[in-house]
Each structure stands twice: as C-alpha cells, then as structure tokens.
There are 2 protein chains.
Amino acid sequence: MQPLADAPATHRSAYEGSCASSHGDGRGIREVLDRIGDKWSLLVIATLERGRLRFSELQQHIPGVSQRMLTLTLRHLERDGLVTRTVHAEVPPRVEYELTDLGGTLIGPASAFAEWAIAAFPRIEAARAAYDERV
Amino acid sequence: MQPLADAPATHRSAYEGSCASSHGDGRGIREVLDRIGDKWSLLVIATLERGRLRFSELQQHIPGVSQRMLTLTLRHLERDGLVTRTVHAEVPPRVEYELTDLGGTLIGPASAFAEWAIAAFPRIEAARAAYDERV
DNA sequence: CGGGATCCTACTCGATACTG
DNA sequence: CAGTATCGAGTAGGATCCCG
C-alpha cells in the first residue's frame with residue numbers, strides 16, 4: 001500500500017535561521033511547495049475553482065492524469081484541508097470534491113504565479129535557446 | 001493562468017488547453033513550475049534578492065543544499081535567463097551570481113505564494129493532524 | 001574556490017489489473 | 001463509478017572523489 005503520509009518531514013530544522021529572511025522564515029514554504037509543486041495538485045485546484053466536481057469529471061477535465069495519480073493527489077489535498085471529499089451513499093457511488101475556504105485562498109497567489117509564468121515564458125524560451133547555442 | 005482567478009465563463013483553463021492541445025499559454029506553466037517547483041530554485045531566487053552573491057555565500061545562506069544541487073540549480077536558472085553567472089579571472093577563482101531583470105520579476109509572485117504558504121501552514125498542519133487522527 | 005564526474009538511493013509517476 | 005493493489009521505469013537529489 002502506498003502510505004498517504006509518505007512525506008519524510010525529517011529535515012525540518014534545515015530552514016531555521018538565516019535563509020529567506022526577507023520573506024520571513026521559510027519553514028512552511030518547503031512543505032507547501034512540496035505538496036502543490038507536484039505534477040497535478042495545482043491543476044486540480046484550478047479545475048475545482050469552477051465548483052464542485054465528481055471524480056470522473058475531474059479526470060475528464062484534466063487530460064493525462066491517471067486514475068491513481070488523481071486519487072493520490074485528491075487524498076493529499078484533502079489531508080491538507082484544501083479540498084473536501086463527499087461520498088454520497090448511492091448506487092452507483094457518487095463522490096464529489098470541492099475547494100475548502102482555505103483552498104480557495106490559494107487561487108490568488110497561484111494566479112499571480114501563473115500569469116508571471118505565461119508572461120515570462122517567451123523570454124525564458126529565448127534565454128534557453130541562446131544558452132544552448134553558446135554551448 | 002488567468003482562469004485560476006476570475007475566469008471568464010467562455011474561456012477554458014490555460015491548463016486544460018495545454019493538456020488537450022499542446023499549444024497555447026498553458027504550456028509555459030508546466031515548464032516553469034517544473035523548474036522553480038523543484039527543491040531549491042525558489043530558495044536561491046529568494047536569497048539572491050538581497051543582491052549579488054558568491055557560490056560559497058549562497059551555500060551558507062541555504063542550509064542543507066549540497067554542492068551538486070546548488071550548482072545544478074544555478075545552471076538551470078542561468079539557462080532560463082533568471083540568474084547571471086560572472087566568473088572573475090582570479091586566483092582563487094571567484095564566481096558571483098545575480099538576479100537578472102527577468103528573475104527579479106519573479107520576486108513578486110513568489111512572495112505572494114510564500115506569504116500564503118506561511119499564513120496557511122498552521123491551518124494545513126492542523127488539517128493534517130485532524131485527518132490522521134480520523135484514520 | 002567552484003565546480004565536474006560518478007555512484008547510488010528513494011521517491012514519483014504511469015500502466016495495468018482487480019473490486020465493492 | 002470510484003477507487004485499491006502491484007509492478008516497473010525514470011529521475012531528483014545526496015555522498016564522495018577529483019581537478020584547474
């Protein structure tokens with residue numbers, strides 16, 4: 001079985017003190033970035049922004065995600081309190097996911113970053129091309 | 001990714017577009033996130049915000065980073081045009097790193113995210129504890 | 001001092017098959 | 001429908017050695 005809490009959380013003291021002092025200590029940043037910096041989390045959050053969705057709907061809206069990774073991602077987000085999971089006692093089963101209030105507050109910062117990425121990507125690509133050409 | 005914020009109902013998520021068809025804005029988000037979503041990039045960017053720094057200074061300000069990972073991270077950031085690398089022809093050698101203008105524009109969004117992470121982390125930890133206790 | 005080269009472990013992720 | 005179980009490939013990242 002794949003443990004849900006597979007995060008080691010062993011190097012908690014690595015961030016104490018000096019680093020990232022201009023933005024406060026980076027303690028939570030590492031943990032949060034490890035979670036939403038993975039392959040699917042931000043994508044799930046963005047998709048859930050439109051409202052409550054079923055598992056299969058999420059899968060359809062996120063092309064390329066496997067059943068396993070969607071399940072794992074949703075479990076992690078649920079554990080972190082960013083997403084709620086509601087199971088309806090029906091046949092066939094129906095499970096719906098929705099952003100929590102906390103999850104909703106991530107939308108703003110995530111948007112800021114996403115817009116930066118879109119705006120900066122042409123220059124990044126150009127820089128890569130220039131760099132690769134020099135080598 | 002504008003859709004993360006208030007998305008026009010007529011416009012599909014940039015993420016979706018990137019997955020469904022590999023052209024358009026969303027493609028950059030995946031690439032950029034893959035780069036700065038790694039273990040050290042954001043930390044290096046944040047540290048370089050204070051100004052030009054030598055390799056060894058960076059290593060001291062970022063506890064836990066190995067020589068190899070710092071080198072790799074800096075090379076990637078340099079390739080993407082976010083950081084400049086200046087080698088001074090001296091003995092012993094001196095190499096200094098500095099944010100480019102493009103790299104500097106990342107500070108804003110990164111700060112927004114970092115502040116969210118710091119603010120949300122207590123609630124995330126609480127949610128994790130509650131989740132783990134229910135299981 | 002600032003790396004490059006090498007080896008190695010642990011984890012991520014995908015594919016597939018099975019189930020209540 | 002919405003998962004779980006299992007396997008295997010690929011890779012991020014750490015440790016160590018050496019070099020200009």
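In this text the structure is predicted, and so the values were computed from the model without any measurement.
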In whole angstroms, the gap separating P of C:dT12 from CG of B:Leu33 amounts to 15 Å

Pairwise N/O distances under 3.5 Å, protein to nucleotides 1-5 of chain C:
from, atom 1, to, atom 2, distance (Å)
C:dC1, O3', B:Arg54, NH2, 3.2
C:dC1, O3', B:Pro93, O, 3.4
C:dG2, OP1, B:Arg54, NE, 3.1
C:dG2, OP1, B:Arg54, NH2, 3.2
C:dG2, OP2, B:Ser56, N, 3.1
C:dG2, OP2, B:Ser56, OG, 2.9
C:dG3, OP1, B:Arg75, NH2, 3.1
C:dG3, OP1, B:Arg85, NE, 3.1
C:dG3, OP1, B:Arg85, NH2, 2.3
C:dG3, OP2, B:Tyr97, OH, 2.5
C:dG3, N7, B:Gln67, OE1, 3.1
C:dG3, N7, B:Gln67, NE2, 2.9
C:dG3, O6, B:Gln67, OE1, 3.4
C:dG4, OP1, B:Arg75, NH2, 3.0

Tightest non-hydrogen contact, residues A:Glu96 and A:His88, listed as OE1-CE1, 3.1 Å

To the nearest angstrom, the CD-P distance between B:Gln59 and D:dG14 comes to 12 Å

Rounded to whole Å, CE of A:Met69 lies from P of D:dC7 at a distance of 19 Å

To the nearest angstrom, the CG-C1' distance between B:Asp34 and C:dC13 comes to 13 Å

CZ (A:Arg128) and CD (B:Glu31) are apart, to the nearest 0.5 Å, by 5.0 Å

note: B:Leu72, atom CG; D:dA15, atom P; distance rounded to Å ~ 14 Å

d(A:Thr47 OG1, A:Glu57 CD) to nearest 0.5 Å is 11.5 Å

To the nearest angstrom, the NZ-C1' distance between B:Lys39 and D:dT11 comes to 14 Å

When rounded to whole Å, the CH2 to P distance for the pair B:Trp40 and D:dG13 reads 9 Å

Checking A:Val44, A:Leu53, A:Leu58 against A:Tyr97 for side-chain contact (heavy atoms from CB on, under 4.5 Å), the one that qualifies is A:Leu58

A:Leu70 atom CG is separated from C:dT12 atom P, nearest whole Å, by 17 Å

Tightest non-hydrogen contact, residues A:Gly81 and A:Thr100, listed as O-OG1, 2.7 Å

